> 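Take this structure first; my questions come after.
In what follows, chains are A, B, ... by sequence order, proteins preceding strands, each numbered from 1. The structure displayed is predicted, hence computed values, not measured ones.
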There are 2 protein chains.
Amino acid sequence: MALIPTASSPKQLRCSQCSLVKLCLPVGLNDEDMMQLESIIETSKIYKQNESVYRAGDPFHHVYAVKSGMFQTVAIDANGDSQIVGFHLPGELFGLDAIYPGHYTSTPVAVSSSIACSIDFKELSTLATQMPSLQHQLLTLMSKEMHASHVNMGDHSADQKIAGFILSLSARYKQRGYSANQFQLLMSRKDIANHLGMAPETVSRLLKRLINEDVLDINQSDITIKNMKYLQDTVGH
Amino acid sequence: MALIPTASSPKQLRCSQCSLVKLCLPVGLNDEDMMQLESIIETSKIYKQNESVYRAGDPFHHVYAVKSGMFQTVAIDANGDSQIVGFHLPGELFGLDAIYPGHYTSTPVAVSSSIACSIDFKELSTLATQMPSLQHQLLTLMSKEMHASHVNMGDHSADQKIAGFILSLSARYKQRGYSANQFQLLMSRKDIANHLGMAPETVSRLLKRLINEDVLDINQSDITIKNMKYLQDTVGH
DNA sequence: ACGATAAGTTGATATAGATCAACATCTCAA
DNA sequence: TTGAGATGTTGATCTATATCAACTTATCGT
């Protein structure tokens, strides 16, 4: 009888079997190293929509790799205002910004039903000292996130922010082997607005304008980019 | 006769002698490890005001540690608009966002006459695999930068951005052993405005308002914070 | 399938901050 | 020391986007 993973705990912790092996932490590892990495992945758990992985304020012990779906990291400030810091796609890590303060500063919430792999950071960094490729990939993933946030700083107008946001998702989906021109906008308009620092009404209006100008096509959460160049010209990079 | 370093090339490459040993890369290293780190620091060069360390587009080989003064990293987009991505204080690194793309994406310019240490990244990462503490500090410094940019995302209004900017400098100077309440605003108003994504006129007006409300005192580049709590309440974190 | 609740859209209005313009002050080279 | 260009300030106006409000459409539990 075959071993069937349960819904709440898919025991497939084999990076080597995972489709994200070319994007996630294992990039550049040989088979033996990958087995060692697999051995420190503690769980690979399904999170239901709106379920959170940990809470802002919790002590930092693990970093997480998105296996499927999407997580958004939400920070709450002293006034109780929430800020969606980022959206995390399969193959991306979250929790790394907690290394420095030693506790998490945002709460990752599953945007749709999603799977994340949990990795003890102490074990990960120990392993990284033994595996130059793993260390390099960890640094690369962090550099990538720094780089992305620097690029976004240049987007000042609401149009630039929206265009930049769509282009970023497009590029990241493309990297993951999906279409760059057609994908799901899984998060709500309200959350897009919050993340970009604008009103939901503005998101709605600007998306409508892009649809009218034949730049985009949107059916509920399904988005098609019909004029990529227009978006690129809008952001100017 | 004592060995006197020349102005253009201060040959003091000893981290152990550097006042930033508690903040910069050497944090947590023992004497022997520190000597090894010292051995891969290639130069510690003085940059005149407005002089740049490298150019955006150059291939990535080195990361830099600020030894004294201040550097600002400037990115130019396709439309020729420049964006000041960050200001770097002594003990901070720059160039790390280039690991991922493999080439620099911004140009670091000395805000005032400044010194930076140049470190070959390949050698640094090799060393980091041999020294868990060095690897940890490298990851910590990157995490710190990610964390800071996430915190800044919450600042939406111009007041919040200015307050957040001043508080960030204050905290960083304090960490470096300087007063949290009094320091030099070395960069120009125009550059502050550019960095924060607002008009220089707005910076001028808001700073004036903060002076009138007895929150700040400013004499040319010298700034005194008279009401830290007001600034903290403004940003709300 | 139905109604309740949330999410999204559209329009009208208000406002924070950009832009334009004039002036003031600083910096520094001759 | 002067004066020219850069930097900063102040005021008047304009505009992008927030806010408020009403409505429509989707979602989901029963």
> Does the separation of the ring centres of A/Tyr178 and A/Phe183 fall below 6.0 angstrom?
no
> Would you say the ring centers of A/His88 and A/Phe94 fall short of 6.0 Å from each other?
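Ring centres of A/Phe94 and A/His88 closer than 6.0 Å.
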> What about A/Phe60 and A/Tyr54, are their ring centers closer than 6.0 Å?
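Centroid distance A/Phe60-A/Tyr54: not below 6.0 Å, so no.
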> Tell me the interatomic distance from B/Gln160, atom CD, to D/dA18, atom C1', rounded to whole angstroms.
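From B/Gln160 CD to D/dA18 C1': 14 Å.
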> D/dG8 C1' sits how many Å from B/Ile162 CD1, rounded?
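Whole-Å distance recorded here is 14 Å.
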> For the pair made of CG in B/Leu185 and P in D/dT7, what is the distance, rounded to whole Å?
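Result: 15 Å.
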> I'd like to compare against my own output: the B/S/- annotation of nucleotides 23-30 of chain C with a strict under-4.0 Å heavy-atom distance to protein.
--------
> Ignoring backbone atoms, establish whether B/Arg205 has a side-chain N or O less than 4.0 Å from OP1 or OP2 of D/dT9.
no
> What's the CG-P distance between B/Asp191 and D/dG8, to the nearest Å?
8 Å
> Looking only at the side chain of B/Ser204 (C-beta and beyond, no hydrogens), which of the listed nucleotides D/dT10, C/dG17, C/dA18 gets closest?
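Between D/dT10, C/dG17, C/dA18, the one nearest the side chain of B/Ser204 would be D/dT10.
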> Would you kindly give the CG-to-P distance between A/Asn194 and C/dG8, to the nearest whole Å?
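So the two atoms are 13 Å apart, to the nearest Å.
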> B/Gly154 and B/Gln160: which non-hydrogen atoms are nearest, and at how many Å?
O-OE1, 4.1 Å
> Is it true that the NZ or CZ of A/Lys45 lies under 6.0 Å from the centre of A/Tyr47's six-membered ring and within 45 degrees of the ring axis?
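Yes, A/Lys45 lies over the aromatic ring of A/Tyr47.
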> Could you pick out which residue, A/Asp159 or A/Glu201, lies toward the 5' side of DNA chain D when each is mapped onto its nearest nucleotide?
A/Asp159
> So, B/Gln184 versus B/Ser221: side-chain donor-acceptor pair below 3.5 Å or not?
yes
> Please state how far atom NE2 in B/His156 lies from atom C1' in D/dA16, giving the value in whole angstrom units.
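Atom-to-atom, B/His156 to D/dA16, this comes out as 17 Å.
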> Rounding to an integer number of Å, can you tell me how far B/Leu206 CG sits from C/dA16 P?
11 Å
> From C-beta outward on B/Met198, which listed nucleotide comes closest to its side chain: C/dA18, D/dT7, C/dA7?
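Closest nucleotide to the B/Met198 side chain: C/dA18.
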> Specify the separation, in whole Å, of atom CG of A/Leu196 and atom C1' of D/dT17.
14 Å
> Nearest to the side chain of A/Ala199 - D/dA18, C/dG8, C/dA18?
D/dA18
> With a 4.0 Å limit, can you tell me whether A/Lys208 has a side-chain N or O closer than that to the phosphate oxygens OP1/OP2 of C/dT10?
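Indeed, a polar side-chain atom of A/Lys208 lies that close.
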> For atom NZ of B/Lys22, decide whether the heavy atoms of other residues, nucleotides or ligands shown that lie under 6.0 angstrom number more than 12.
no
> Between D/dT17, C/dT9, D/dG11, which nucleotide has the shortest distance from any of its atoms to the side chain of A/Thr202?
D/dT17
